[in-house]
Amino acid sequence: MAELTARLEREAAIAAGSASAKTGVDRAHFERVVCAYQKSIFRIILQIVRDPDQAASLTQDCFLRAHERLKSFRGESSLETWLGRIAIHLALDHLKSRRAGFWRRLLRRDSHDVAGNPTFAGGGMEESASPERQLLAREALDRVRRAVELLSPQQRAVFALRFFEDYSLEEIREAMGIEIGTIKSHLFRAVRHVRRSMEGTHGK
Amino acid sequence: MENKSSDNRPLDRHLTDDQWIECLLGEQSAEVVGHLSACPACRAELSRFRTATGQLARQTLGYAEALPEPFWQEQRRLIAARVAAGSARKTEGSFSRRLAFGLSAAAVALLAVILLRWSPPSRPSAVAPVSSADDPLLAQVQEALDREVPMALAPAALLTDEIERGIDRSQAR
């Protein structure tokens with residue numbers, strides 16, 4: 001039921017987005033677009049930048065930019081794809097500009113907690129596994145997370161979209177505007193790096 | 001210890017990075033499938049990778065889903081405020097642009113009027129100074145041409161004159 005409601009909200013937002021694009025930007029219409037897509041845009045950005053505060057700020061930037069460019073939205077792709085493309089480019093630009101501050105963010109992340117909100121680095125583990133398996137899994141998880149942090153912005157975005165967001169190569173091509181061959185090349189380097197980082201976590 | 005595949009093919013080499021990518025993209029060849037079915041080490045490695053990336057994805061998804069509604073409301077409020085501020089800036093900016101354009105146009109027009117009304121003082125012809133500057137040189141050339149003896153031969157001419165005068169004096173004696 002909740003899924004159906006969300007879908008209806010999105011469809012209404014698509015109609016609102018098209019209407020906004022044709023007739024000028026209406027505040028109420030735009031708010032419906034924001035309401036329908038803010039979670040998915042936040043999640044995409046968070047998968048790439050892996051910093052909740054930055055993801056929240058970049059989500060705002062994404063909608064601000066979308067508002068500025070809504071008149072140029074021709075409906076050739078879906079509104080979600082168009083917003084996703086803006087979000088990915090913003091996240092990439094952020095990573096490129098903030099690469100030097102990576103260690104500071106990494107050190108802060110494990111203890112980070114938005115007041116009253118869940119901790120970002122926690123969760124995701126299978127509670128039913130034995131303590132030993134859980135320990136090994138957490139070690140592998142930490143290594144993968146650190147390896148992903150060390151990827152170049154492009155590699156990281158491609159890796160996150162493919163393996164965290166389940167984008168197909170074609171969807172990544174559309175979202176990032178790069179060729180499939182380039183995407184595969186980024187994926188190859190990213191996976192090789194992450195694979196190397198996991199060596200020694202098999203727990204013999 | 002050497003592994004053996006189901007078709008008794010030796011598995012002394014594990015999956016390469018290329019083959020790994022094939023597996024992760026679901027484009028694996030029959031050879032890779034055969035290897036995976038017979039190689040527990042590669043299976044386990046692939047499984048660990050998938051588990052870890054899946055956990056990272058769930059972590060983010062779980063985090064976003066667990067954020068309370070006030071967080072999203074605040075986000076919407078901030079977006080609306082920034083959009084409104086951006087629109088105000090744009091309006092203000094367009095007024096400033098129009099004002100700047102008007103002032104620039106007025107300044108250009110004023111400059112054009114000043115230039116048109118201002119007649120520069122008459123200056124001597126550009127040829128005259130060149131001509132007057134050449135006059136001494138021309139005079140020197142004329143003087144040199146008028147000379148009976150070229151300047152370069154003047155010392156020799158003096159010597160010749162002296163000799164001739166000496167001969168004349170001795171003949172007179």
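No hydrogens, no waters, no symmetry mates; every other heavy atom, side chains included, goes into these values. Chain naming here is simple, since letters A, B, ... match the order of the sequence lines and numbering starts at 1 in each.
- Without hydrogens or angle criteria, Q60(A) side chain to S57(A) main chain gives no donor-acceptor distance under 3.5 Å.
- Residue T60(B) comes nearest to R43(A) through the heavy atom pair CG2-O, 4.1 Å, listed as atom of the first residue, atom of the second, then distance.
- In terms of non-hydrogen atom pairs under 4.5 Å with chain A, the most contact-rich of E45(B), E74(B), Q73(B) is E45(B).
- The shortest non-hydrogen separation linking L15(B) to R195(A) is O-NH2, 2.8 Å.
- In terms of heavy-atom pairs under 4.5 angstrom with chain A, the leader among L56(B), L78(B), T53(B) is L56(B).
- Only the side chain of I21(B) comes within less than 4.5 Å of a heavy atom of chain A; its backbone N, CA, C and O stay farther away.
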Please determine whether side chain to side chain donor-acceptor pair (under 3.5 Å) holds for the pair T81(A) and S78(A), giving the CA-CA distance in whole Å, both sets of side-chain angles, and the decisive distance to 0.1 Å.
CA-CA 5 Å; T81(A) 304; S78(A) 70; 2.8 Å; yes

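- Counting only distance, with no hydrogens or angles, the side chain of Q54(A) and the backbone of D51(A) share no donor-acceptor pair below 3.5 Å.
- Proximity to chain A (any heavy atom under 4.5 Å) is restricted, for E27(B), to the side chain, taken from C-beta onward.
- For chain A, no part of S47(B) is nearby; none of its heavy atoms comes within less than 4.5 Å.
- Ranked by non-hydrogen atom pairs under 4.5 Å with chain B, the options R192(A), Q47(A), K184(A) are led by Q47(A).
- Both the backbone and the side chain of F188(A) come within contact range of chain B, each with at least one heavy atom under 4.5 Å from a heavy atom of that chain.
- R156(A) places a side-chain N or O within 3.5 Å of a backbone atom of V49(A) that can act as its donor or acceptor partner.
- Residue D166(A) does not touch chain B at all, counting heavy-atom pairs closer than 4.5 Å.
- If you measure heavy-atom distances from R196(A) to chain B, the contacts under 4.5 Å come from the side chain alone.
- With chain B as partner, the option from T59(A), V191(A), V34(A) having the largest number of non-hydrogen pairs under 4.5 angstrom is V191(A).
- In this structure, chain A has a heavy atom under 4.5 Å from the side chain of W20(B), while its backbone stays farther away.
- Around atom CZ of R189(A), no more than 12 heavy atoms belonging to other residues, nucleotides or ligands sit under 6.0 Å away.
- With hydrogens and angles disregarded, no donor-acceptor distance shorter than 3.5 Å links the side chain of R76(B) to the backbone of C35(A).
- Per-residue counts of heavy-atom pairs under 4.5 Å with chain B were compared for E165(A), E31(A), R162(A); the largest is that of R162(A).
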